[in-house]
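As structure tokens, the structure follows; a few thoughts come after it.
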Amino acid sequence: MWPVILVGLVLWGVFIWKEWSQRKERRFWVKLVAAFLAIVSLVMIVVRPSTLQKSTSGKGIVLTEGYRPAQLDSLKSIYKRIQIEEYTKGTPLSILKDVDSLFLLGQGLAPFDVWRLQDKPIAFMGGKKIEGWTTISHENKIPFREKLHLNAKHSNPKTGHWAILADNGGNPLDSVPFEEVDEQLIQLNAKPKASGQFIYRLLEKNDEGEIISNEPLPVQVVDGKPLKILMVNTFPTFETKYLKNFLTDKGHQVMARTQLTKGKYKFEYFNGASNPIYGFTEENLKEYDLLVIDTDSYIALGRSSKEAMEEAMRIHGLGVFIQPNESLFRLTQRLSPFQFNRDFITEITLGVPVQSAQKYPFEFKNDVRTQKIMIDSVQVAAYVPMEKGKIGATVLQNTYQLVLDGSEAMYANIWTQILKSITKEQEQKIAWKAITETPRINEPFEFEVRTSMNGIEVATDEGVHIPLIQNSLVPSKWKGVKYPRKSGWNTIKVSNDTVSKFSYFVFDKNQRKSITLSERLKTNYWEFGAQKDFKRIASSSHKELEPISPIWFYMILLLFLGWLWLEPKLDN
């Protein structure tokens with residue numbers, strides 16, 4: 001700096017010497033000031049002075065699919081020269097090495113890439129509103145003769161369009177018209193006609209019959225083993241009658257015992273059931289998958305019968321369902337596995353369209369052992385594990401009224417969910433579970449396998465072995481990751497047990513797109529939260545020197561040099 005200043009002073013001295021003859025005139029002093037300011041401007045151009053400015057080098061913007069351009073423009077107007085990078089799925093972000101905090105715009109990162117930003121302060125701003133199917137829920141595996149129940153949500157539906165459940169050939173099985181709402185809940189049903197692997201379709205059609213969207217619904221229909229069910233009542237009721245008809249229509253073996261008088265019973269046998277049961281023993285109960293018993297019969301059980309029932313639950317996995325009446329909610333903790341609070345609510349709403357169901361004015365007390373049974377996010381029942389078995393009950397009453405009102409589907413859904421949660425679980429040598437909800441080509445598909453086998457090896461259809469990680473707390477649980485190479489049905493299997501195979505469906509990039517974005521948005525909100533204020537992002541940003549734009553000094557230099565050039569001409 002000092003050499004530049006010295007040169008500037010020399011130039012000013014030369015100018016003073018040149019104009020010294022005019023020192024007695026007023027214009028000499030004006031020209032002296034003008035020359036000084038021109039030389040100062042020249043010095044400033046050379047030394048490039050700086051001022052302390054808030055640094056934006058510590059912040060960056062990552063753009064993901066569905067970001068709002070207006071939001072990006074707002075950020076760029078606040079943070080000048082902020083770094084920006086577009087996210088590509090599965091690709092590292094180069095911006096991370098230069099920034100200490102990020103604005104994340106759009107629907108967010110894919111779940112398997114979220115870890116890349118774990119050590120950075122993030123302001124997740126969200127993106128455009130997602131339109132189309134945001135949720136599609138159905139059972140991936142259903143027993144033959146059971147109905148396929150499809151629940152879906154559509155964002156911004158258009159009046160005149162239809163949601164259609166179709167088979168693989170495009171033949172419609174069920175349909176619902178769209179309504180003019182922000183988000184519409186849709187329920188569709190179909191009954192498979194055979195067992196096997198099927199791809200149903202969820203279609204959206206406009207009023208001219210054109211297909212707007214076509215989403216695959218992979219379903220495995222298996223030949224389910226009929227359950228052996230024992231029903232015990234002190235007297236016949238409509239609730240028992242309709243439940244018995246529902247179970248027998250599903251092909252289950254049902255033996256119903258109704259007490260006529262003390263020590264005398266009426267027995268009914270359906271679908272091959274036989275052998276009357278008068279008193280409970282571990283031997284005669286272990287053959288059953290489910291015991292349905294009303295509250296009065298449960299209370300009247302003798303000590304030996306109750307112990308036999310509990311042994312059948314603990315050792316053989318028997319499921320027990322207690323049909324409620326008012327007495328159940330007054331039982332002490334010694335007599336009942338459940339405890340209740342009075343909530344004074346005698347009716348709940350379920351399903352789409354909304355339907356009402358009667359209930360007792362009680363709710364289950366929350367404790368560690370009691371497990372909830374939910375339908376449409378409403379608790380309707382609960383069960384308590386008893387080692388291998390379970391014992392459950394419900395707060396619903398007079399559910400048969402749903403059948404009388406024409407709501408057979410809702411009645412079937414309620415009892416299927418309740419009894420499925422309580423019934424004896426079939427012992428499996430190997431149990432599979434898909435962790436990744438929507439597998440895609442060349443993306444990680446995570447799965448879990450449970451087995452008591454030692455030295456387990458899992459292989460793909462092509463015979464390629466998949467490395468497994470054993471759970472340190474549960475040695476029978478293993479976890480693996482596969483990158484599918486083809487869409488459609490894929491299979492993995494245990495190498496030394498070819499009978500046990502696991503089939504899963506892989507979607508291509510154009511399928512379930514809006515659902516994937518919706519799930520990605522939820523994952524990113526869960527990981528990073530919602531930050532709407534641009535200025536509140538946590539960051540270690542600091543002030544640093546930034547050069548003043550030289551254009552101002554050029555303007556001052558040109559202004560005074562121009563005046564010094566023009567002044568002698570004006571004088572002449």
Any donor-acceptor pair under 3.5 Å linking the side chain of [X] with the backbone of [Y]?
{"X": "N471", "Y": "P475", "value": "no"}
{"X": "S421", "Y": "I373", "value": "no"}
{"X": "T436", "Y": "E446", "value": "yes"}
{"X": "D508", "Y": "R440", "value": "no"}
{"X": "T451", "Y": "I430", "value": "no"}
{"X": "K205", "Y": "S213", "value": "no"}
{"X": "T134", "Y": "I515", "value": "no"}
{"X": "S77", "Y": "S74", "value": "yes"}
{"X": "D289", "Y": "K228", "value": "yes"}
{"X": "R68", "Y": "G127", "value": "yes"}

Inset, instruction - With salt bridge (charged side-chain N to carboxylate O under 4.0 Å, His left out) as the test, would you mind laying out the steps for K89 and E443 before giving the verdict? - result: CA-CA 10 Å; K89 189 164 50 178; E443 292 186 11; 2.6 Å; yes

Side-chain donor-acceptor pair under 3.5 Å between [X] and [Y], yes or no?
{"X": "Q355", "Y": "S407", "result": "yes"}
{"X": "N413", "Y": "T416", "result": "no"}
{"X": "S503", "Y": "Q197", "result": "yes"}
{"X": "E204", "Y": "H154", "result": "yes"}
{"X": "H149", "Y": "N189", "result": "yes"}
{"X": "S514", "Y": "E131", "result": "no"}
{"X": "N140", "Y": "Y504", "result": "no"}
{"X": "Q187", "Y": "N151", "result": "yes"}

Value rounded to 0.5 Å, distance of [atom1] in [X] from [atom2] in [Y]:
{"X": "L109", "Y": "W115", "atom1": "CG", "atom2": "CH2", "answer": "10.5 Å"}
{"X": "I348", "Y": "Q379", "atom1": "CD1", "atom2": "CD", "answer": "10.0 Å"}
{"X": "I130", "Y": "L517", "atom1": "CD1", "atom2": "CG", "answer": "5.0 Å"}
{"X": "R485", "Y": "I441", "atom1": "CZ", "atom2": "CD1", "answer": "12.0 Å"}
{"X": "L202", "Y": "L217", "atom1": "CG", "atom2": "CG", "answer": "5.5 Å"}
{"X": "L318", "Y": "I391", "atom1": "CG", "atom2": "CD1", "answer": "9.5 Å"}

Inset, instruction - Examine W415 together with F321 and report whether their ring centres are nearer than 6.0 Å. - result: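 Yes; F321 has its ring centre under 6.0 Å from that of W415.
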
Inset, instruction - Decide if the gap between the ring center of Y483 and the ring center of F445 is smaller than 6.0 angstrom. - result: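 No; F445 has its ring centre 6.0 Å or more from that of Y483.
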
Inset, instruction - Decide if atom NZ of K193 counts as having more than 12 heavy atoms of other residues, nucleotides or ligands within a radius under 6.0 Å. - result: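 Count not over threshold, so no.
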
Inset, instruction - Check whether more than 12 heavy atoms from other residues, nucleotides or ligands sit under 6.0 Å from atom CG of D73, and answer yes or no. - result: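 Yes - once you tally the heavy atoms of other residues, nucleotides and ligands closer than 6.0 Å, there are more than 12.
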
Is any side-chain heavy atom of [Y] closer than 4.5 Å to one of [X]?
{"X": "V384", "Y": "F338", "result": "yes"}
{"X": "L230", "Y": "L290", "result": "no"}
{"X": "V474", "Y": "R450", "result": "yes"}
{"X": "I84", "Y": "L75", "result": "no"}
{"X": "T88", "Y": "L93", "result": "no"}
{"X": "F364", "Y": "K372", "result": "no"}
{"X": "R201", "Y": "N168", "result": "yes"}
{"X": "L521", "Y": "T523", "result": "no"}

Inset, instruction - Could you tell me whether E425 and K390 have a side-chain N and a carboxylate O separated by less than 4.0 Å? - result: yes

Inset, instruction - Using a strict 4.0 Å threshold on nitrogen-to-oxygen distance, state whether K191 and E146 make a salt bridge. - result: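 Salt bridge flag = no for E146 with K191.
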
Inset, instruction - Kindly indicate, with the supporting measurements, whether the criterion ring pair (Phe, Tyr, Trp, His ring centres under 6.0 Å) is fulfilled by F103 and Y79. - result: CA-CA 11 Å; F103 291 99; Y79 300 95; 5.6 Å; yes

Inset, instruction - Can you run down the salt bridge (charged side-chain N to carboxylate O under 4.0 Å, His left out) pairs that involve residues 407-424, sequence neighbours left out, and say none if there aren't any? - result: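 For residues 407-424: E139-K420.
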
Inset, instruction - Go through the structure and list residues passing salt bridge (charged side-chain N to carboxylate O under 4.0 Å, His left out) with K522, not counting sequence neighbours. - result: E519

